[in-house]
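Structure first, commentary second.
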Protein chains: 2
Amino acid sequence: MGIDNRSRIFERGLEILGLIANKRAGVTVDELCEEIRLHRTSVYRYLGALVREGYVDRKNGKYVLGTKVLELASLFLERLDVRETAHPLLVELAEKLHATVHLAQLAGPEIIYIDKIETHRSLPLYSRIGKKAPAYCTALGKALLAFIPPERLQLILRQMTFKPYTDRTVTDPGRFFEELQEVKRTGYAVDKGEHEEGIFCVAAPIFDFYGEPVASVSVTDLMRNSLDKENRYVKEVTRTAWQISFALGSKRRTHLDGGR
Amino acid sequence: MGIDNRSRIFERGLEILGLIANKRAGVTVDELCEEIRLHRTSVYRYLGALVREGYVDRKNGKYVLGTKVLELASLFLERLDVRETAHPLLVELAEKLHATVHLAQLAGPEIIYIDKIETHRSLPLYSRIGKKAPAYCTALGKALLAFIPPERLQLILRQMTFKPYTDRTVTDPGRFFEELQEVKRTGYAVDKGEHEEGIFCVAAPIFDFYGEPVASVSVTDLMRNSLDKENRYVKEVTRTAWQISFALGSKRRTHLDGGR
DNA sequence: TCCCATGTTGCGAAAAACGCTACAACAAAG
DNA sequence: CTTTGTTGTAGCGTTTTTCGCAACATGGGA
């Protein structure tokens, strides 16, 4: 952490950019002079650089943010990989709960695991990074399906065949759809041995900058668990999912918010 | 047009920010030194300011864009009333045509996407909000260039380099100018695989209260389409553009009316 | 251990910014 | 039609800041 005050001019320039950003209606040169206590001439020179580089535009004699900031933000988002962002938080979650944690994306009517964190106590499971599993009988899948746009959901439902993996697997489309509504309402999904016998999962969706569900995170344990433990899983998984969403720049405040 | 080279330091700082933005994997101090031919010490001081203000973060010893750029971009988008006004109408258009819809602004000789609506059937495209594309080979760009004041057009034309993206890209300035006249006459622009191979676009300009073209709206599809479908796209896109213009208080009755 | 890459600090020479004045272009007011 | 005010440029002496050098930490990896 370099606490080096020695690039004052550049810092002041950035400060001016920040000031302009925070005035939605635009700002005049004199207002800027007032705020940073500089001579008009000097402010013009900062503005010249900002305008030349595209960070600031002139609109009806006032200065407003330019398109360059959008361009940078797009590059910032491009670099943001859900997996990279999520990983440390997933490790933290796995360690806190002493259980296996998964990260998955939708791939048609299936999910694909894109990350997996095991702890010393974790169970031998079917999953592996890159492996696929059906979406309709996994918590990870349901957490995602519940939040995608209705048209896309319909499309995916049509591609699905509800094959029973265990005697708890939901195979009735109507009942499945109802379950998704419940997931949408509560913000998390569960799987009680619907895919693998005796395996219990809780999952929550992760939203990106645009409010779109891009991945989901889950914790896995044996089914013979107390209600207390189950509640703790729900709480921690949703918390982690929310943290990841936040790190991705999501604007959602709760799972009930609409996208965008 | 302030041609005042006198804020070199600030400008150089912004240049450094731009360099960092364009390296997705992050950049080291020495790489930056190389690029701008400055001593390592100085670069550190610029970076110090950028990190302090949140424009840049350190990630594994490399420097990458920070969250501040996202923050500014969201403020930028918030200020755009075109976008807010247009959004519901764009969604409607996308649903009606089952195709991807874009909203863009001019940014010098390029366009920048400020909104994008996808449907379940939409194509995987290169675009993203905040991303830029050349104006001369996109329908969105041509729809805007055709309606800006001649002096401004001349200025922008001088900044353009006509690089061929596909073998259909128009690279002759004279022919391009003629095409703009045609766009001005008909009120809409098309792009038949001039930017992305096999991609077809129709765009129409949006005018604000003062009759100035402030944005354009487009619909995108594959090129293998019937003339009927093409005509439908033209009709619907221009209709939506007019609705948005109207909502912005545009006084134009047709695209042939003069501005102001 | 030494080495090399990475990051921090002190200081003088050199360069840039600051802010003064002056001035042009334009609009609104008198 | 002049006056007054606003907005943006330009030149230049003075003052402040930066630049780049060298020296100095730090902290792995061969």
Side-chain angles (χ1 to χ4, degrees), chain A residues 1-20 23-66 88, chain B residues 1-20 23-66 108 149 151-152 155 209-212 259-260:
Chain A
M1 287 300 157
I3 301 124
D4 190 348
N5 271 9
R6 288 191 271 184
S7 59
R8 255 175 246 198
I9 287 173
F10 183 42
E11 202 149 359
R12 183 153 29 183
L14 292 177
E15 197 187 325
I16 291 177
L17 179 56
L19 285 174
I20 295 169
K23 308 280 181 177
R24 211 205 305 194
V27 68
T28 64
V29 180
D30 286 333
E31 283 170 329
L32 285 173
C33 298
E34 186 83 10
E35 294 244 35
I36 51 166
R37 313 199 94 25
L38 266 176
H39 198 272
R40 216 156 49 90
T41 312
S42 304
V43 175
Y44 275 117
R45 301 207 258 250
Y46 284 104
L47 285 174
L50 286 167
V51 170
R52 268 194 301 281
E53 296 283 328
Y55 290 87
V56 165
D57 261 354
R58 262 166 68 181
K59 202 136 198 171
N60 313 28
K62 296 202 166 195
Y63 292 86
V64 297
L65 278 183
Chain B
M1 294 303 153
I3 303 124
D4 190 349
N5 274 7
R6 286 191 274 182
S7 58
R8 273 172 233 241
I9 287 171
F10 183 41
E11 200 152 11
R12 184 152 35 191
L14 292 177
E15 199 186 325
I16 290 177
L17 179 55
L19 285 174
I20 295 169
K23 308 281 180 178
R24 209 204 306 195
V27 68
T28 65
V29 183
D30 286 332
E31 285 170 328
L32 285 174
C33 298
E34 186 84 12
E35 295 243 33
I36 52 167
R37 316 201 77 53
L38 257 166
H39 198 272
R40 221 154 45 90
T41 312
S42 306
V43 175
Y44 275 119
R45 304 210 252 248
Y46 283 106
L47 285 173
L50 285 168
V51 170
R52 269 195 300 280
E53 297 282 330
Y55 289 88
V56 166
D57 262 354
R58 264 168 70 176
K59 204 142 195 171
N60 319 12
K62 295 202 167 196
Y63 291 86
V64 297
L65 277 184
E151 319 86 78
R152 207 177 141 210
L155 210 73
F209 176 78
Y210 304 103
E212 302 290 335
R260 292 185 191 281

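Quantities reported herein were computed from a predicted structural model and do not represent experimental measurements. Naming: A, B, ... by sequence-line order, numbering from 1 per chain.
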[X] [atom1] to [N] [atom2], straight-line distance once rounded to whole Å:
{"X": "H39(A)", "N": "dT9(D)", "atom1": "NE2", "atom2": "P", "result": "15 Å"}
{"X": "E11(B)", "N": "dA15(C)", "atom1": "CD", "atom2": "P", "result": "19 Å"}
{"X": "R8(A)", "N": "dA16(C)", "atom1": "CZ", "atom2": "P", "result": "19 Å"}
{"X": "E34(B)", "N": "dT6(C)", "atom1": "CD", "atom2": "P", "result": "13 Å"}
{"X": "L38(B)", "N": "dA15(C)", "atom1": "CG", "atom2": "P", "result": "14 Å"}
{"X": "Y44(A)", "N": "dA24(C)", "atom1": "OH", "atom2": "P", "result": "17 Å"}
{"X": "D30(B)", "N": "dC4(C)", "atom1": "CG", "atom2": "P", "result": "15 Å"}
{"X": "E31(B)", "N": "dG7(C)", "atom1": "CD", "atom2": "P", "result": "12 Å"}

For F10(A), report the nucleic acid contact type (base, sugar-phosphate, nothing); a contact means any heavy atom under 4.0 Å.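 No contact at all - F10(A) keeps every heavy atom at 4.0 Å or more from the nucleic acid.
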Just to be sure I understand the rule, does R37(A) reach a base, reach only the sugar-phosphate, or reach nothing, if contact means heavy atoms closer than 4.0 Å?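 Nothing, no nucleic acid heavy atom in range.
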Looking only at the side chain of [X] (C-beta and beyond, no hydrogens), which of the listed nucleotides [options] gets closest?
{"X": "I9(A)", "options": "dT17(D), dT6(C), dA16(C)", "answer": "dT17(D)"}
{"X": "R58(A)", "options": "dT18(D), dG8(D), dG20(D)", "answer": "dG8(D)"}
{"X": "T41(A)", "options": "dA16(C), dG11(D), dC21(D)", "answer": "dG11(D)"}

Both K62(B) and R12(A) contact DNA chain C. Which one's nearest nucleotide lies toward the 5' end?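 Its nearest nucleotide being more 5', the pick is K62(B).
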Base of dG20(D) paired with side chain of R45(B) (donor-acceptor, under 3.5 Å):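 Donor-acceptor pair under 3.5 Å: yes.
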Is a donor-acceptor contact shorter than 3.5 angstrom present between the side chain of R40(B) and the base of dG7(C)?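 Check passes, donor-acceptor contact within cut-off.
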Taking the side chain as every heavy atom from C-beta outward, state whether [X] and [Y] have any pair of such atoms under 4.5 Å apart.
{"X": "I16(B)", "Y": "L50(B)", "result": "yes"}
{"X": "S7(B)", "Y": "R52(A)", "result": "yes"}
{"X": "I9(A)", "Y": "Y46(A)", "result": "yes"}
{"X": "L19(A)", "Y": "I36(A)", "result": "yes"}

Just to confirm, is there a sub-4.0 Å distance from OP1 or OP2 of dT7(D) to any side-chain nitrogen or oxygen of Y63(A)?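 Checking Y63(A) against dT7(D): no side-chain N or O falls below 4.0 Å of OP1 or OP2.
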Using a cut-off of strictly less than 4.0 Å, decide whether Y46(B) has a side-chain nitrogen or oxygen near OP1 or OP2 of dC19(D).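 Result: yes.
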Taking only Lys NZ, Arg NE, NH1 and NH2, and the carboxylate oxygens of Asp or Glu, determine whether R152(B) and E212(B) approach each other closer than 4.0 Å.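 Judged by the 4.0 Å cut-off on N to carboxylate O distance, R152(B) and E212(B) do not form a salt bridge.
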